[in-house]
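Here the structure is laid out as structure tokens; the discussion comes afterwards.
The chains referred to below are lettered A, B, ... by the order of the sequence lines, with proteins before strands, and numbering in each begins at 1. Computed from a predicted structure; not experimentally measured.
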Amino acid sequence: MTPEQLQDVVRTAVAAVAGRGELPVDVPAEVVIDRPKNPEHGDYATNAAMRLAKPAGRPPREVAELLAAELRAQPGIAAVDVAGPGFLNITLAQGVLGQLAVQAVTAGPGYGRTDVLAGQQLNLEFVSANPTGPVHIGAVRWAAVGDALGRLLEASGAAVTREYYFNDAGSQIDRFARSLQAAAQGRPVPEDGYAGAYIDDIAAQVVAAEPDVLDRGDDEQLAVFRARGVELMWVEIRTSLADFGVAFDVYFSERTLHETGALEKAIARLREQGHVYETDGAVWLRTTDFGDDKDRVLVKGDGEPTYFAADCAYYLNKRERGFGKVVIMLGADHTGYVGRYKALVAAMGDDPDENLEILIGQLVNLVREGQPVRMSKRAGNVVNLGDLVDAIGADAARYALARASIDQQIDLDLDLWSRQTNDNPVFYVQYAHARIASVLRNAADLGLALGEPEDVDVAQLAHERETDLLRVIGEFPRVLASAAELRAPHRVARSLEELAGTYHRFYDSCRVLPRGDELPTSLTTARLWVCAATATVLRNGLAVLGVQAPERM
RNA sequence: GCCCCCGUAGCUCAGGGGAUAGAGCACUGCCCUCCGGAGGCAGGGGCGCAGGUUCGAAUCCUGCCGGGGGCACCA
């Protein structure tokens with residue numbers, strides 16, 4: 001019985017008691033099922049009685065006693081105790097927990113998937129680095145977290161489109177082109193331009209592809225450097241993301257918004273809604289009507305649209321593509337962005353709390369031997385995605401970035417995460433998987449197989465370390481569902497660390513395979529199922545994080 | 001000045017109102033004739049401060065202190 005199923009049992013019990021008129025309450029949509037830390041508090045606990053006490057107008061313990069009596073009659077439940085202020089501590093019948101191992105193994109890659117977000121059409125935008133340089137370390141966090149979040153949302157039943165928005169219309173691209181041109185001509189890059197070895201590399205590649213480029217007129221040169229340069233930059237960006245295990249469904253060009261008249265359309269829509277005015281020759285959106293601290297310019301005095309105008313058009317475009325929820329992941333340096341974005345959504349006539357979600361994540365610092373790593377290309381230090389993967393590997397990088405709450409600044413210690421030791425959390429988790437794989441290999445060598453689910457005697461699984469492990473396995477679907485709803489992929493990583501630790505303790509106390517000339521028993525088979533179930537959860541959890549689950553290390 | 005994030009064990013961090021606040025690392029002392037010791041067991045130590053809401057607050061609200069980030073007719 002999973003905690004979700006137990007939740008239904010408790011609700012059924014409430015309904016039964018209420019139906020007999022013993023308790024004047026409605027059946028709650030959700031009841032909280034806890035996994036108590038203290039083993040004396042049973043396999044599971046619920047605070048349902050305390051929550052129902054007030055609406056029922058009865059003391060919590062009295063409500064608890066009514067529910068306990070009802071629950072004791074339910075199949076699969078061995079004992080129910082009323083404790084403390086009114087907790088219901090539930091002990092499951094022998095073998096009920098063991099079924100969790102069978103459920104996990106038979107569900108395989110599907111174990112943990114739920115439909116809590118079914119029907120939601122989500123557009124998830126992250127990274128969105130401009131093609132004027134490699135993906136900088138600051139954006140790598142969003143590559144790791146965003147991709148994990150995408151997988152998590154899908155595992156919870158949502159339809160997710162991962163989107164990468166890039167600016168290829170404005171002056172940044174022009175500066176990029178001029179920087180390439182200067183590098184090709186052997187001049188220093190402009191003061192407001194881009195510098196770095198990659199500029200020289202790309203400039204050289206452009207010249208190699210079009211040897212006569214420098215003989216043409218200035219405008220024509222810039223056009224070539226812009227087009228070829230962006231193309232080459234894209235190759236590098238997409239290659240580094242692919243090496244990191246991240247792929248997008250849509251790469252969205254800002255330029256297309258300008259070319260298709262989407263900006264004018266968006267401004268017209270905002271005008272219809274009555275939030276646009278003109279002052280000093282510029283066109284403004286009155287975002288202060290919706291809580292922003294100042295109004296924002298849509299079209300500058302020189303007639304050029306702002307980046308914000310493109311944002312308006314882009315948002316409208318996403319909504320027109322059918323996305324009910326527009327999710328955008330940004331770094332803490334974009335905090336000031338939230339107010340105006342919420343306001344533009346409201347000005348469009350949408351609900352900023354329903355249709356828009358901006359996830360702001362704190363910044364990443366690199367640390368080596370306790371000292372901050374200065375992120376300068378000249379010093380040869382790590383500055384971008386490819387460098388980070390070279391330094392610690394894609395698995396460690398993804399795990400390190402995804403295991404922290406996005407609200408927390410990260411000091412990413414390159415020594416720690418490149419170490420192949422147990423103080424490196426990703427190795428702790430991967431090791432557990434490799435260890436199980438080894439046990440299962442040894443079992444196969446002994447001619448032992450899991451066999452059919454109906455032949456496993458799961459009631460054999462009664463050791464405390466076994467039931468601890470089974471409870472963690474049973475928790476997994478809830479972990480994924482709540483992590484998805486909270487947009488918190490780090491919870492998955494933390495739960496895998498708990499699972500790995502719980503498995504190691506099980507392994508230490510519960511011999512799985514027969515030793516010497518012992519014969520296998522039904523307990524051997526049952527424990528093999530527990531091992532396989534643990535491996536399944538580790539694999540599925542690591543898959544959400546985009547991290548390998550190795551058979552050997 | 002205004003806005004956002006953070007402050008929990010020596011360190012790095014989990015803890016979306018519930019029982020005795022957890023993990024990893026570090027430290028001390030233990031555990032292998034046996035499935036991977038990259039493991040396990042035991043021990044010491046903690047919610048920045050002050051109010052408030054609640055039967056119950058690390059969690060929600062307010063103020064203060066400390067650290068980080070942000071406040072363009074830039075992109």
Side-chain angles (χ1 to χ4, degrees), chain A residues 32 34 36-38 40-41 45-47 50-51 53-54 59-60 83-87 89 130 132 167 169-175 192 254 279-284 293-294 296-308 310 331-339 360-363 365 367 370 403-411 413 416 419-425 427-428 430-432 434-443 445-446 465 482 485-486 488 490-491 493-495 497-498 500-501 503-516 518 527 531 552-553:
Chain A
V32 178
D34 265 337
K37 286 164 291 224
N38 186 338
E40 289 168 19
H41 294 160
T46 179
N47 64 0
M50 293 185 292
R51 303 295 290 266
K54 186 166 278 184
F87 288 103
N89 292 335
N130 286 340
T132 54
N167 170 311
S171 60
Q172 289 203 20
I173 289 288
D174 292 334
R175 292 210 297 271
D192 62 351
E254 183 199 344
T279 299
D280 303 332
V283 179
W284 296 72
D293 24 12
K294 62 182 75 165
R296 305 290 167 176
V297 173
L298 291 166
V299 183
K300 295 188 271 187
D302 63 5
E304 287 297 310
T306 61
Y307 194 78
F308 181 63
D333 51 342
H334 284 74
T335 309
Y337 213 64
V338 178
I360 295 288
Q362 301 303 307
L363 303 179
N365 295 305
V367 174
R403 89 185 275 272
S405 155
I406 63 166
D407 290 334
Q408 193 78 33
Q409 287 184 42
I410 296 181
D411 287 330
D413 188 322
L416 169 66
R419 224 174 279 153
Q420 313 261 315
T421 58
N422 55 351
D423 52 354
N424 179 346
F427 279 91
Y428 186 79
Q430 288 182 316
Y431 173 71
R435 196 181 209 187
I436 296 169
S438 173
V439 171
L440 295 175
R441 276 195 301 273
N442 293 342
D445 289 345
L446 293 170
R465 296 289 176 80
S482 66
E485 286 170 329
L486 293 170
H490 76 279
R491 285 175 171 245
R494 302 297 176 148
S495 78
E497 289 167 29
E498 183 192 9
Y503 179 79
H504 290 314
R505 283 184 281 282
F506 155 80
Y507 180 90
D508 199 61
S509 304
C510 300
R511 173 81 197 186
V512 178
L513 298 176
R515 59 187 112 186
E518 290 174 359
R527 284 181 171 169
C531 288
R552 290 188 170 81
M553 294 174 70

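In this structure, OH of A:Y507 is placed 12 Å from C1' of B:rA38, rounded to the nearest angstrom. Between the NE2 atom of A:H504 and the C1' atom of B:rG39 there is a distance of 6 Å, rounded to whole Å. Here B:rC32 presents its P atom at 11 Å from CG of A:D508, a figure rounded to the nearest Å. What separates CZ of A:F427 from C1' of B:rA38 is a distance of 9 Å, to the nearest Å. Between the CD atom of A:Q430 and the P atom of B:rG36 there is a distance of 18 Å, rounded to whole Å. The CD1 atom of A:I406 sits 13 Å away from the C1' atom of B:rC6 (whole-angstrom rounding). In this structure, NZ of A:K54 is placed 16 Å from P of B:rG17, rounded to the nearest angstrom. Rounded to an integer number of Å, the gap from CG of A:L440 to P of B:rG36 is 11 Å.
Proximity of A:Q408 to the phosphate of B:rA14: a side-chain N or O atom is located under 4.0 Å from OP1 or OP2. Between A:R441 and B:rC35 there is no side-chain N or O to OP1 or OP2 distance below 4.0 Å.
Using C1' as the reference atom, B:rG43 and B:rC5 are 36 Å apart when rounded to the nearest Å. Taking atom C1' on both nucleotides, B:rG15 is separated from B:rG51 by 24 Å, rounded to a whole Å. Here the separation of B:rU33 from B:rU28, taken at their C1' atoms, is 29 Å to the nearest Å. Of the C1' atoms belonging to B:rU54 and B:rC60, the separation is 10 Å, rounded to the nearest Å. Across B:rU59 and B:rG18, the matching P atoms stand 11 Å from one another, rounded to whole Å. Annotation: B:rU12 and B:rA26 have their C1' atoms spaced 11 Å apart (nearest Å). Nucleotides B:rC11 and B:rG1 are separated by 30 Å at their P atoms, to the nearest Å. B:rG44 and B:rG48 have their C1' atoms separated by 23 Å, given to the nearest Å.
In terms of heavy-atom proximity, A:D407 sits nearest to A:Q362 at O-CG, 3.2 Å. When all heavy atoms of A:A432 and A:A500 are compared, the closest pair comes out as CB-CB, 3.7 Å. Between A:N89 and A:A83 the shortest heavy-atom distance is ND2-CB, 3.4 Å. Taking each heavy atom of A:N167 and A:Y307 in turn, the nearest pair found is ND2-CE1, 3.0 Å. The heavy-atom pair separating A:H334 from A:I360 by the smallest distance is O-CD1, 4.1 Å. Closest approach of A:R491 to A:S482, counting heavy atoms only: NH1-OG, 4.3 Å.
Not one N or O on the side chain of A:R505 forms a donor-acceptor pair closer than 3.5 Å with the backbone of A:Y507. Side-chain atoms of A:T306 do not come within 3.5 Å of backbone N or O of A:V299 as any donor-acceptor pair.
With a 6.0 Å radius and a threshold of 12 heavy atoms from other residues, nucleotides or ligands, A:E40 has its CD atom at or below the threshold. Heavy-atom neighbours of A:R175 CZ from other residues, nucleotides or ligands within 6.0 Å: above the threshold of 12.
Using a 4.0 Å heavy-atom distance criterion, A:R419 is classed as making no nucleic acid contact. Among the atoms of the strands shown, none is found under 4.0 Å from any heavy atom of A:C531. Within the nucleic acid shown, A:S509 has no heavy atom closer than 4.0 Å to any nucleic acid atom.
Pair check for B:rC2 finds B:rG70; Watson-Crick or G-U wobble, both atom distances under 3.5 Å. Remark: B:rG24 base-pairs with B:rC11; criterion is Watson-Crick or G-U wobble with both hydrogen-bond distances under 3.5 Å. Nucleotide B:rG51 forms a Watson-Crick or G-U wobble pair with B:rC61, both donor-acceptor distances falling under 3.5 Å. Base pairing analysis places B:rG36 opposite nothing; no Watson-Crick or G-U wobble pair with both distances below 3.5 Å involves it.
Minimum atom distance to the side chain of A:M553 is reached by B:rA38, of the listed B:rG18, B:rA38, B:rC41. Side-chain proximity of A:R51 to the nucleotides B:rG39, B:rA38, B:rG18 is greatest for B:rG18.
The residue among A:A500 and A:V512 whose nearest nucleotide of RNA chain B lies closer to the 5′ end is A:V512.
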- Item | Protein-to-nucleotide contact annotation, 5' to 3' order, nucleotides 66-75 of chain B [B base; S sugar-phosphate only; - none; under 4.0 Å, heavy atom] | --BSSSSBSB
- Message: Base contacts versus sugar-phosphate-only contacts with protein, heavy atoms under 4.0 Å: please encode nucleotides 19-28 of chain B as B, S and - from 5' to 3'.
- Response: BB----S---
- Please assess A:F87 against A:N47 for the test side-chain contact (heavy atoms from CB on, under 4.5 Å), listing each intermediate value before the final yes or no. CA-CA 5 Å; A:F87 288 103; A:N47 64 0; 4.3 Å; yes
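A:Y503 and A:F506 have tilted rings, their planes meeting at an angle from 30° to 60° on a 0 to 90° scale.
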